[in-house]
Amino acid sequence: MAKSNAQNGALSSDEAYAQYKNISDSMAISFPEDDIKTFRRSSFNETQLEKYLSMHFKRMDLLSHIKGHHIFVLNSYLHSGNWFKAIGFPKESIKSYQSFFLHYQLVEHELSEEDKNGFNVMRFFAHGILAENYANLGQMDSAEQQHQLNMDFTRNLDNFYYPSAINNYGLLLYWHKKELDSALHYFQKAYQITALKFPTHTLIGSIRDNIADVYVEQNLHEKAQPLYALNFDFYKTAINERTLKKDIPRLISAGAQLLTSNIQLNRLGAAQQIYEDLETIVKNQENSNSIQPESYLEFLKAKQYLLQQQHKIDAAYTTAKHIYAYSDSIHKVAAITDKRWQEEFNDATIDRIALNFKIDQMEKENKIKSQSAKLKLIGLVSSVFILLLLILFLSRRQHLVNAKTKQLLAEQQLENSALKVKQLHSEIKSKERDLSDFAISLTQNQEWTKHLAEHLEAIKLAPPEDRDVLLEALDQDINNKISFDSDTREFFERLDKLSDAFYSKLTSLYPNLSKNEIRLSSLIRLKIESRSIATLQNITMASLNTSRYRLRKKLDLSEDVDLDTFIQNL
């Protein structure tokens, strides 16, 4: 009953809260929200991620119905934004953070001062991550706006978040907009505030490093070298505020940068001393198996540079080979992971799951309307029946023959009414199947349209001498698509004719099957391989597996019953 209310928009706050909790409990069985693996994309295969996303969308849809639990709702939006950011979906992350800020504005007046202070840190990070998401999508104006909002918001807070917000804005100017002078201005401003108010915070090391990097870009190594030296000494004793440990990766990076900077200034003696100090640090980390691959690679590159400048060619060559082998192993691991995810999942999955969720809502609404109409019709028929019985009873003595005739007429009318009800129900089921088929066709056409748009964009960006080849390829793709659609349509028309008896038997036993599910059953009955079925239906193997799973559910098959064998024995 609670689900029905939700579909009608009449879901109460308590019901929505309970449903949210139930969905969260189901999600947490495999991927707990406080487990680091849940925030790693590599933890999910395609099926798991689709299922998790589907449940997540349903859960987030309930938040608008939950009243009074302001802290819970705000934290839910923040968790959603953090999770989407961590697994690489910046667009969805942006939507969640926008919902967080919108809801915060609506309920801020109801929050206590303690709650508001608690959300200050979260609001700071939310602005920063929003800016990073926009920047990664190339939306620089929106990214810059978030940085400005963050600086305005943190200006009056008595903590290090204000200089951190200024530093983050400088990084946008430096990394994404390549405006070195402007970036340097903001880095120096952040450095002045941090040196004055938070001189021991590790933020000062990050800002110093950013300033030095800009000087290196400007070939001002004399200015960069003292800053790298300060950082190398600083990170030897500084404790990271979050981990409460020494920040070894930054220590090694500062040492490598200082070493390189001294070489640039032709101070080979000082560079050799720094190298020996840095080598001791790296060996200690190697002995404890705690050195990160990126840090080790940075150390090796600095070592090779020093050996080259010292004209130790053989040692430099040996180090270069070590760098190549080590770097290649890192890149291979990253490439395998990226390739697997590029093949298995892309942004279209988000749209497909969201569309399936909306279609599921529409189907439930249609079923509710159908049931309501059926109840009204049954009530009307029942009223007519009672009225006829009353008339027959009152006129029984005087018009016995006519009463019998009227009774037969009433029974015929009832049969006709029942037939109409059955026919109406059949038409509704047919429309539901057509809606499902239309949704699948719509999804396929959206994917083809996206594919076509990518081809057109590639043609626009291609040199003139390559455009004819690309246009010819595009023309071939379009002809293949037309030919495929035509051949597939002809195949299914013949399949439908040849399988008419099987269709009739299947629909009589399982009237809830959609047209695509009936066709899938017929293809399985013909013992066509799964890959060929996926090709005929123009879907992926993952989508075919999902279709087979839904078909099993509608056929009410237990796990020990093979789907193919069951259909072929019908």
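Predicted model only: the values in this text are computed from it and were never measured. For the numbers below, each heavy atom of this structure counts, side chains included, while hydrogens, waters and symmetry mates do not.
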key: Pair listing, salt bridge (charged side-chain N to carboxylate O under 4.0 Å, His left out) test, anchored in residues 522-540, at least two apart   = none

Residues that H56 engages under side chain to side chain donor-acceptor pair (under 3.5 Å), provided they are two or more places apart = R59, S80

ask   = Can a donor-acceptor pair be found between the side chains of Y97 and N82 at a distance below 3.5 Å?
value = yes

message = Taking the cut-offs as 6.0 angstrom to the six-membered ring centre and 45 degrees off its axis, would you call R41 and F89 a cation-pi pair?
response = yes

ask   = D247 versus L251: any side-chain heavy-atom pair under 4.5 Å?
value = no

ask   = Just by modelled atom types, is the K37 backbone N or O under 3.5 Å from a matching donor or acceptor in the S43 side chain?
value = yes

For residues 562-570, tabulate all N or O donor-acceptor pairs below 3.5 Å that involve a side-chain atom, not counting sequence neighbours.
| residue | atom | partner | partner atom | Å |
| --- | --- | --- | --- | --- |
| D562 | OD2 | D564 | N | 3.2 |
| D562 | OD2 | T565 | N | 2.9 |
| D562 | OD2 | T565 | OG1 | 2.9 |
| D564 | OD1 | R548 | NH1 | 3.3 |
| D564 | OD1 | R548 | NH2 | 2.8 |
| Q568 | NE2 | I524 | O | 3.0 |
| N569 | ND2 | T565 | O | 3.1 |

task = Could you tell me which residues satisfy side-chain contact (heavy atoms from CB on, under 4.5 Å) with A183, sequence neighbours excluded, listed by chain and number?
result = L173, Y174, F187

note = Heavy-atom nearest pair, N167 first then N210, reads OD1-ND2, 2.8 Å

Taking distance alone, no hydrogens or angles, what donor-acceptor pairs closer than 3.5 Å link side-chain atoms of residues 132-143 to residues at least two apart or in another chain?
| residue | atom | partner | partner atom | Å |
| --- | --- | --- | --- | --- |
| E132 | OE2 | K85 | NZ | 3.3 |
| N133 | ND2 | S93 | OG | 3.0 |
| N133 | ND2 | I129 | O | 3.4 |
| Y134 | OH | Q98 | NE2 | 2.9 |
| N136 | ND2 | E132 | O | 3.2 |

Contacts of type side-chain contact (heavy atoms from CB on, under 4.5 Å), residue K554, not counting sequence neighbours = L513, E517

query = Can you find a side-chain donor-acceptor pair between S76 and Y20 that sits under 3.5 Å?
reply = yes

ask   = Are N150 and N168 close enough that a side-chain donor and a side-chain acceptor fall under 3.5 Å?
value = no

ask   = Of the non-hydrogen atoms in P32 and T38, which two are nearest, and what is the gap between them?
value = O-OG1, 2.6 Å

message = Can you tell whether the side chains of K283 and E286 come within less than 4.0 Å, N to carboxylate O?
response = no

Any donor-acceptor N or O pair under 3.5 Å, side chains S206, R250 = yes

inquiry  = Please enumerate all residues that pass salt bridge (Lys or Arg N to Asp or Glu O under 4.0 Å) together with K246, with sequence neighbours excluded.
reply    = none

ask   = Going by the salt bridge (charged side-chain N to carboxylate O under 4.0 Å, His left out) test, which pairs reach into residues 147-165, not counting sequence neighbours?
value = D152-R155

inquiry  = According to salt bridge (charged side-chain N to carboxylate O under 4.0 Å, His left out), does anything in residues 111-120 pair up with another residue at least two apart or in another chain? List the pairs.
reply    = E113-K116

ask   = With no hydrogens and no angle check, do the side chains of S12 and D14 hold a donor and an acceptor under 3.5 Å apart?
value = no

ask   = Is there a donor-acceptor contact under 3.5 Å from the side chain of K67 to the main chain of S64?
value = yes

ask   = Which residues pass the ring-ring contact (aromatic ring centres under 6.0 Å, His included) test with F160, sequence neighbours left out?
value = H201

Within 6.0 Å of CG in D556, more than 12 heavy atoms from elsewhere = no

key: Any donor-acceptor pair under 3.5 Å from S99 side chain to K95 backbone   = yes

query = Taking only residues at least two apart or on different chains, which pairs with a member in residues 200-210 satisfy salt bridge (charged side-chain N to carboxylate O under 4.0 Å, His left out)?
reply = none

request  = Apply side chain to side chain contact (heavy atoms under 4.5 Å, CB included) to Q257 and E298, showing your working.
outcome  = CA-CA 9 Å; Q257 290 170 317; E298 193 170 7; 4.3 Å; yes

inquiry  = Walk me through whether F72 and H79 qualify under ring pair (Phe, Tyr, Trp, His ring centres under 6.0 Å).
reply    = CA-CA 10 Å; F72 173 81; H79 170 78; over 10 Å; no

key: side-chain contact (heavy atoms from CB on, under 4.5 Å) involving M122 - partner list, sequence neighbours excluded   = N75, L78, F119

request  = Tell me whether the centres of the aromatic rings in F31 and W83 are closer together than 6.0 Å.
outcome  = no

